[in-house]
Every structure is written in C-alpha cells, then in structure tokens.
Amino acid sequence: MSARAATTAELDRWDPDPDAAETLAVRAHAEPFRWGADVLARLDGAAAESTDGWSLYFLGSTARALGDFTRCSVYSGQAAQIWRRQGRLGLLTRALAAAWPRVWLGELERARVESEEACVLARETAQPFAYLGGRATAGLIAALRGEAGIAAGMNEELRGSGVLPGMRFATVIAQQTDGLLALIDGRPEEAFRLLAQIFDPADPHHHSLMQWTVAPDLADAAVAAGAEDEARKVLADLPELANRLPSEMMINALAYTDAVLAPDDEAEERYAGAMAALPSGWPLSRARLQLHHGRWLRKQRRYVDAREPLRQARDGFDRLGARYWAEVAGSQLRATGETKADRLRNPVDSLSPREMQIAVLAARGLSNREIGQRMFISHRTVGTYLYRIYPRLGVANRFQLVAVLGDQVGNEPDQQDG
C-alpha cells in the first residue's frame, strides 16, 4: 500500500466526520484523484459551518490542493481577515503565502501585493517556507508581466536557498518561471524542455498535481518549438484525470491544451469547445487562448477572422496587467492589417476591482489606515497599492483622484473586500 493510500486508510479507521475541514484536507492532499470529486462537492457546506481561521485555512488548502482556485482564494482570504483582526501575524503569513492561486484568477496585482506582504511577515516571524512561497509567486507574476530581469533575479534567489529542494510547491513555480522566461526570450526548445521536466516523476521539479497548472505553458512552448506530438505524449493522462477530478485547474488544462495542440483540421471546433469549457473566473487563460486562436487564424490567412480574438486577448491582457502578452497580441493584431487604434483608453479601466475600491476610498478622503481597516489589509499594503495606482491614473495624490474617478467616488458602494 502506498503512503498516500495508507494515510487515508488510517483516517477511515477513525470514522471521521466526512464534512470536517481536517477530513477534507487529508483526503484532498493524500489521494486527490480518488477523493477529489467528493471533497469538491462538500467544500461549500463545510465552509458555511466554519467561523474560525484554522478551519477556513484548511479548506483553502484543500481547494488549492485540488485545483479549485476560486474557493481557495475565498477561504484563504477569509482566514487572513480573521487572523489580521486578531493580530496573529504568524498565521496571517501562512494565509497570505497562499496568494499563488490568485494568479490564475487574473488577480496579478493583488497576488503580488499579498505575496510581498507575506515575505515581509515571513522574515519577521521566521518562516522560511512561507518566504520562499511568496518569492516564487512574485517571480511568476513578474514573468507573466514580461519583467524578465525581476523574475530572473527572484528565481536566482530561490535557487540559492538550501530549503527550496524540500518545497515542491515553490520548486514547481520556479521551474515554471524559468520556462516562461525562456519562451519569452525566444528559446522555445529550452522552454519546452524545462516545462516537460515538471511532468517527469523522476525529476526534482515534479509534482503530481501542480504539474497541471503548467500544462498550458507546455502547450505554448510545444507549438513554438514544433514539439506538438511530444507534448501530446506528456499530457496523455490528462483527459482521464480531469474526468476523475473535475476541478478548475484540470478543466482549464484539458480545454486549453486540447485546442492549442489540435491538428489544423480539428482546431476550429476545438477552440470553440475550449472557450466554452474554460472556467469563467480564469481570465488569464481565456486571454491566452484567444491569443492562440487569433494566431492560428492568421496562419490560416484568415486575417479578418483573426482580429476579434486578438483584440479580445490584447484588451484582456491590458486589464490584467500582463504587459508582455498584451504587446504580443497587439503585434499579432497589427500583422492582420488592423489599423484602428481602439485599444482601451480610459486608464481607470485598467484597475482591478480591489484597486478601484482602494482608489475610491482614498478619493473620499479616508486615510491609509482607515482604508486598511475597512478592507482588512495593513496600511502599508494600502500605501503600496496607491503608489502603483497613482502613476497609472496620471495623478500625484489622493486629492487628484476625485477628478479622474468622477461619479464613481459617489456611486461606489462601501463594501468590505472578501
């Protein structure tokens, strides 16, 4: 019997409450493809009964282990709010270090801010694992934004840590970042090799579940390197596993790779199917798939047809702050003969819902500390947000926000960020 099976067998011997947060966490982490579907069906009910930080944290960890990143972000965020109110900085650090799933939900800025705060708190509370997790997330975000130098520097720091080999979570993200950097730098063969290593059980970068977050990147690299057949072999088990564990991560991986790696005579139908199947709350994957669809249409010399998905991709990347991908989509769009300058022009449109809420509260005259109390974040985090919001809106201080935001200052509801 494997260690994973032995773990759940021992749990069953205790006849646990099947809806308890601890039960769900053990089953999800030990045997995700055996228990995952059952655990996913029980998560919301378990969360409704949870009022303490630990239970919510366990549920967030459970959702993350299965690839349900929407629930993970909600539960982890609620745990962070509780622990922040209680002043339990050590536990808050652990909750913030779970910011990584927000990347796939398109919340790049929020994930970056939370991972940076996690790193600061991890140093203060002597938690090296949380620190490396936060740095790995920040490096991945930098790569997605096209900030190659920043991402490479963070990865160099990670690789230099003697703790990293024992952290498969951070190791996978570091390898994924290296693969993306190679792809961005025009080295697709190297990118494919680096990313494929994550799927090799004998490789130190391997993780049996997290590898599926990397599947879209592997498909991208395979197309660029002309290694589609090899990629299909690497991903051969994906359809069966996604059927057994129908989480957001698995559905996304299957839909995305099925379209991007499709032969030309099946691609049109598969792109349509993939766009319908993608999780609704994963805008980054949607924009990337639209970019690939537009590229494929352009290769088929269907230039007019290619423009709409490329426009959608470009504008989607703009909203998410994924500047590198926005530039790629814009370049592809121009190559179709697009001449209209209909790019998003209102800088307010580039703000995430969280950024907008902070900007509105600041425009109303609330201090950083008052905003932080309303949103359950530190005043330092509010300051970091505003430091980045001001130049994007072309203002120098909170008083100038009123003119930029206009009616939204009066109409935006005061609500706590959950």
Q) So His293 and Tyr271, would you call those rings parallel, tilted or perpendicular, with 30° and 60° as cut-offs? A)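 The rings of His293 and Tyr271 lie parallel, inter-plane angle below 30°.
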**Q.** For Tyr256, all residues meeting ring-ring contact (aromatic ring centres under 6.0 Å, His included), sequence neighbours excluded
**A.**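 With neighbours one apart ignored, the set is empty.
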Under a 4.5 Å cut-off applied to non-hydrogen side-chain atoms, are [X] and [Y] in contact?
| X | Y | result |
| --- | --- | --- |
| Pro101 | Arg71 | no |
| Arg288 | Trp282 | no |
| Glu124 | Leu121 | yes |
| Glu147 | Arg323 | yes |
| Leu195 | Asp220 | no |
| Met375 | Leu361 | yes |
| Arg102 | Phe69 | no |
| Met275 | Gln290 | yes |

Q.
Please evaluate residues Arg311 and Leu333 with respect to the criterion side chain to side chain contact (heavy atoms under 4.5 Å, CB included), reporting the C-alpha separation (whole Å), side-chain torsions for both, the decisive distance (0.1 Å), and the verdict.
A. CA-CA 7 Å; Arg311 286 191 203 105; Leu333 185 56; 3.7 Å; yes
If only atom types and distance count, is the side chain of [X] paired as donor or acceptor with the main-chain N or O of [Y] below 3.5 Å?
| X | Y | result |
| --- | --- | --- |
| Arg298 | Thr336 | no |
| Thr384 | Arg380 | yes |
| Glu355 | Tyr385 | no |
| His206 | Ile198 | yes |
| Arg168 | Pro204 | yes |
| Thr23 | Asp19 | no |
| Ser61 | Tyr57 | no |
| Ser55 | Asp52 | no |
| Thr8 | Ala5 | yes |
| Thr171 | Met167 | yes |

Rounded to the nearest 0.5 Å, how far apart are [atom1] of [X] and [atom2] of [Y]?
| X | Y | atom1 | atom2 | answer |
| --- | --- | --- | --- | --- |
| Leu180 | Asp217 | CG | CG | 4.5 Å |
| Leu289 | His292 | CG | NE2 | 8.0 Å |
| Glu327 | Tyr324 | CD | OH | 9.0 Å |
| Thr70 | Tyr75 | OG1 | OH | 10.0 Å |
| Arg135 | Asn155 | CZ | CG | 10.5 Å |
| Ile173 | Leu158 | CD1 | CG | 9.0 Å |

Q: With side chain to side chain contact (heavy atoms under 4.5 Å, CB included) as the test, would you mind laying out the steps for Leu108 and Val103 before giving the verdict?
A: CA-CA 5 Å; Leu108 298 185; Val103 173; 3.8 Å; yes
Do [X] and [Y] sit within salt-bridge range, that is, some charged N less than 4.0 Å from a carboxylate O?
| X | Y | answer |
| --- | --- | --- |
| Glu117 | Arg84 | yes |
| Glu109 | Arg145 | yes |
| Arg159 | Glu156 | no |
| Asp38 | Arg42 | yes |
| Arg112 | Glu116 | yes |
| Glu240 | Arg244 | yes |
| Glu230 | Lys233 | no |
| Asp178 | Arg193 | no |

Q | Those residues that, when tested against Thr257, pass side-chain contact (heavy atoms from CB on, under 4.5 Å) (two or more places apart) | A |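 With neighbours one apart ignored, the set is Ala215, Ala219, Leu235, Leu238, Leu261.
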Q) Among side-chain atoms of Asn252 and Trp212, is any donor-acceptor pair under 3.5 angstrom? A)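 No donor-acceptor contact under 3.5 Å links the two side chains.
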**Q.** Test side chain to side chain contact (heavy atoms under 4.5 Å, CB included) applied to Tyr131 and Gln127, step by step
**A.** CA-CA 6 Å; Tyr131 177 80; Gln127 297 187 74; over 6 Å; no
For a quick test of your reading: what N or O donor-acceptor pairs under 3.5 Å do the side chains of residues 90-100 make, sequence neighbours left out?
from	atom 1	to	atom 2	distance (Å)
Thr93	OG1	Leu89	O	2.7

Q: Could you check Arg302, Arg301, Arg307 and say which one makes a salt bridge (charged side-chain N to carboxylate O under 4.0 Å, His left out) with Asp305?
A: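 Answer after filtering Arg302, Arg301, Arg307: Arg302.
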Q) Is atom CD of Glu266 surrounded by more than 12 heavy atoms (other residues, nucleotides or ligands) closer than 6.0 Å? A)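 For Glu266, atom CD is crowded (more than 12 foreign heavy atoms under 6.0 Å).
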Specify the closest pair of heavy atoms between [X] and [Y], including all atoms of both residues, with the distance to one decimal.
| X | Y | answer |
| --- | --- | --- |
| Trp104 | Thr213 | CH2-O, 4.3 Å |
| Thr62 | Ala21 | OG1-O, 4.3 Å |
| Arg4 | Ala30 | NH1-O, 2.9 Å |
| Ala313 | Leu291 | CB-N, 3.6 Å |
| Leu194 | Ala182 | CD1-CB, 4.4 Å |
| Pro18 | Leu24 | O-CD2, 3.3 Å |

Q | Worked verdict on Ile377 versus Ile358 for side chain to side chain contact (heavy atoms under 4.5 Å, CB included) | A | CA-CA 11 Å; Ile377 57 179; Ile358 290 174; 4.2 Å; yes
